[in-house]
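First, the structure itself, so that you have it in front of you.
In what follows, chains carry the letters A, B, and so on, assigned in the order in which the sequence lines appear, proteins first and then strands, with residues in each chain numbered from 1. Excluded from the calculations below are hydrogen atoms, water molecules and symmetry mates; all remaining heavy atoms, backbone and side chain alike, are included.
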Number of protein chains: 2
Amino acid sequence: MNKFLLENQICFKMHAISRLLTSHYRPLLDKLDITYPQYLVMLVLWEEEALSVKELGEQLYLDSGTLTPLLKRMESKGILERKRSEVDERSLIVRLTDSGMNMKVEAECIPDEIVKSLDMNKEEYDFLKSRLNEILNKLNQK
Amino acid sequence: MNKFLLENQICFKMHAISRLLTSHYRPLLDKLDITYPQYLVMLVLWEEEALSVKELGEQLYLDSGTLTPLLKRMESKGILERKRSEVDERSLIVRLTDSGMNMKVEAECIPDEIVKSLDMNKEEYDFLKSRLNEILNKLNQK
DNA sequence: GGCAATTATATTGTACACAATTTAATAACG
DNA sequence: CGTTATTAAATTGTGTACAATATAATTGCC
């Protein structure tokens, strides 16, 4: 096996799939006027009412260099609010506005659409998910 | 199952793994003074002597908007040459310089290092590879 | 041959991603 | 209590990604 062939590189395939999947999200997200990384922020905030940039970053594996401008763009669209914590002025607390909360209804169909384009049954999906989890954990350890 | 949980989103996991893997490549690629996308270009050019930007883009799923500046940066490092095709002046042919070719020796250990950090046996690796192939093909169809 | 499509790259503009540094607030400790 | 260390965001700079458009060369067709 020639290890230099793209064909044999799992990382390249992950990279390519990640970008292809994002391109499948794009037409769906265009309706909500958000990007894929912004959608990931929404996913977190639809479940947790308010959290700091640090906590958000831990869940998304992103740092303030990425999140600060991204959250500012979302704030300027009126989707969320950014406010310094009153307990600790270093922390910036992020929470959705009503408008942001309401977007959840419109987004209801998105996960289904994506699963459809992956064209897998539940067994395959769950299996792949647990494989990816294993990899994620391994990579995070180091 | 709450389909809005990050935990349940395969796309997010792919996205996260892709970025984590790239961060594992970084210290290895720093020695060669190239980035991960530039490394992908090298992988193709170590196998194929010369090809056009279009052909390169087909293999990497990238367009000229990404490749043109990326290849210019690589050219300015002396890794590769960009030259218009003599047969068809629209095409730009890319090929490695001797310096770029020689980098292959130094890169020899990189795939092994990455496979090591994935900590999988050959069966697991091949299995995951074929799963990813299936997904890649499905996503490409549409 | 001449002109309208098509094709290949380049350019422009926006949005991540991330390393490195800076700033401001809080914690820790003698 | 004051100084040092730590922490959380913000900023700066570089490098992808990608949509949309522009430019230039080639092809197709009458």
Determine the contact category for Ser91(A): base if any of its heavy atoms lies under 4.0 Å from a base atom, sugar-phosphate if only primed atoms, P, OP1 or OP2 are that close, otherwise nothing.
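Sugar-phosphate only.
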
Per Arg26(A) side chain, nearest of listed nucleotides dT26(D), dC18(D), dA17(C)
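Closest nucleotide among those given: dC18(D).
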
d(CG, Asp33(A); C1', dT14(C)) in whole Å
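It works out to 13 Å between those atoms.
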
Does CG in Asp30(B) sit with more than 12 non-hydrogen atoms of other residues, nucleotides or ligands closer than 6.0 Å?
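Count over threshold, so yes.
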
With heavy atoms under 4.0 Å as the rule, sort Leu67(B) into base, sugar-phosphate or nothing.
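No contact at all - Leu67(B) keeps every heavy atom at 4.0 Å or more from the nucleic acid.
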
Side chains of Asp112(B) and Lys3(A): closer than 4.5 Å at any heavy-atom pair?
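Sidechains of Lys3(A) and Asp112(B): in contact.
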
In whole Å, what is the span from the NZ atom of Lys77(A) to the P atom of dT14(C)?
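Roughly 13 Å, once rounded to whole Å.
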
What is the nucleic acid contact for Ser52(A), judged by heavy atoms within less than 4.0 Å: base, sugar-phosphate only, or nothing?
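Sugar-phosphate, backbone atoms only, no base.
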
Leu62(B) CG to dA19(D) P: how many Å, rounded?
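In whole Å, dA19(D) P and Leu62(B) CG are 11 Å from each other.
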
For Leu70(B) and dT11(C), give me the distance from atom CG to atom C1', rounded to whole Å.
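Taking CG of Leu70(B) and C1' of dT11(C), I get 16 Å after rounding.
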
What nucleotide, of dT11(C), dC18(D), dT9(C), holds the atom closest to the side chain of Lys72(B)?
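In terms of side-chain proximity for Lys72(B), the closest of dT11(C), dC18(D), dT9(C) is dT11(C).
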
Value in whole Å for how far the C1' atom of dG15(D) lies from NE2 of His15(A):
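Spelled out: NE2 on His15(A) to C1' on dG15(D) is 12 Å.
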
Output the rounded distance in Å from CD1 (Ile93(B)) to P (dA8(C)).
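To the nearest whole Å, that distance equals 11 Å.
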
Among dA17(C), dT26(C), dA17(D), which is the nearest nucleotide to the side chain of Pro37(B)?
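Nearest to the side chain of Pro37(B) among the choices is dA17(D).
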
Check whether the side chains of Glu7(A) and Asn133(B) place a donor and an acceptor atom closer than 3.5 Å, and report yes or no.
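A donor-acceptor contact under 3.5 Å links the two side chains.
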
Atom pair distance, as rounded to whole Å: CG in Asp88(A) and P in dT6(D)
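Value for this atom pair: 17 Å.
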
Tell me whether the rings of Tyr61(A) and Phe12(B) are parallel (<30°), tilted (30 to 60°) or perpendicular (>60°).
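Ring orientation of Tyr61(A) relative to Phe12(B): parallel.
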
Keeping to residues at least two apart or across chains, list the ring-ring contact (aromatic ring centres under 6.0 Å, His included) pairs with something in residues 89-126 of chain B.
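Every candidate ring-ring contact (aromatic ring centres under 6.0 Å, His included) pair involving residues 89-126 of chain B fails, so no pair, neighbours aside, qualifies.
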
When you measure from the side-chain N and O atoms of Thr68(B) to the phosphate of dA10(C), is any distance below 4.0 Å, counting only OP1 and OP2?
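For Thr68(B), the contact criterion (side-chain N or O under 4.0 Å from OP1 or OP2 of dA10(C)) is met.
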
Checking contacts here: which listed nucleotide (dA10(C), dA15(C), dC18(D)) is nearest the side-chain heavy atoms of Thr66(B)?
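Minimum distance to the Thr66(B) side chain belongs to dC18(D).
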
Side-chain donor or acceptor of Ser64(B) under 3.5 Å from a matching atom on the base of dA8(C)?
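A donor-acceptor contact between them is absent.
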
Residue Arg19(B), side-chain atoms from C-beta onward, closest of dA17(D), dA8(C), dC18(C)
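Of dA17(D), dA8(C), dC18(C), dC18(C) is nearest to the side chain of Arg19(B).
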
Has Arg84(A) got a side-chain N or O lying under 4.0 Å from the OP1 or OP2 atom of dT26(C)?
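Checking dT26(C) against Arg84(A), no side-chain N or O comes under 4.0 Å of OP1 or OP2.
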
Can you tell me the distance, in whole Å, between the OH atom of Tyr25(B) and the P atom of dA19(C)?
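Those two atoms, OH and P, are 17 Å apart.
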
At 4.0 Å (heavy atoms only), tell me whether Thr35(A) reaches a base, stays on the sugar-phosphate, or touches nothing.
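Sugar-phosphate: the residue Thr35(A), judged by heavy atoms under 4.0 Å, touches backbone atoms but no base.
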
From the set dC18(C), dA9(D), dT9(C), return the single nucleotide nearest to any side-chain atom of Lys54(B).
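Taking heavy atoms from C-beta onward, the closest nucleotide is dT9(C).
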
Minimum-distance nucleotide (side-chain atoms of Arg90(A) versus dA25(D), dA25(C), dC18(C))
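Nucleotide nearest to Arg90(A)'s side chain: dA25(C).
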
Treating Glu106(A) as the side-chain partner and Met103(A) as the backbone partner, does any N or O pair qualify as donor plus acceptor under 3.5 Å?
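The answer is no, because no donor-acceptor pair under 3.5 Å joins these two groups.
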
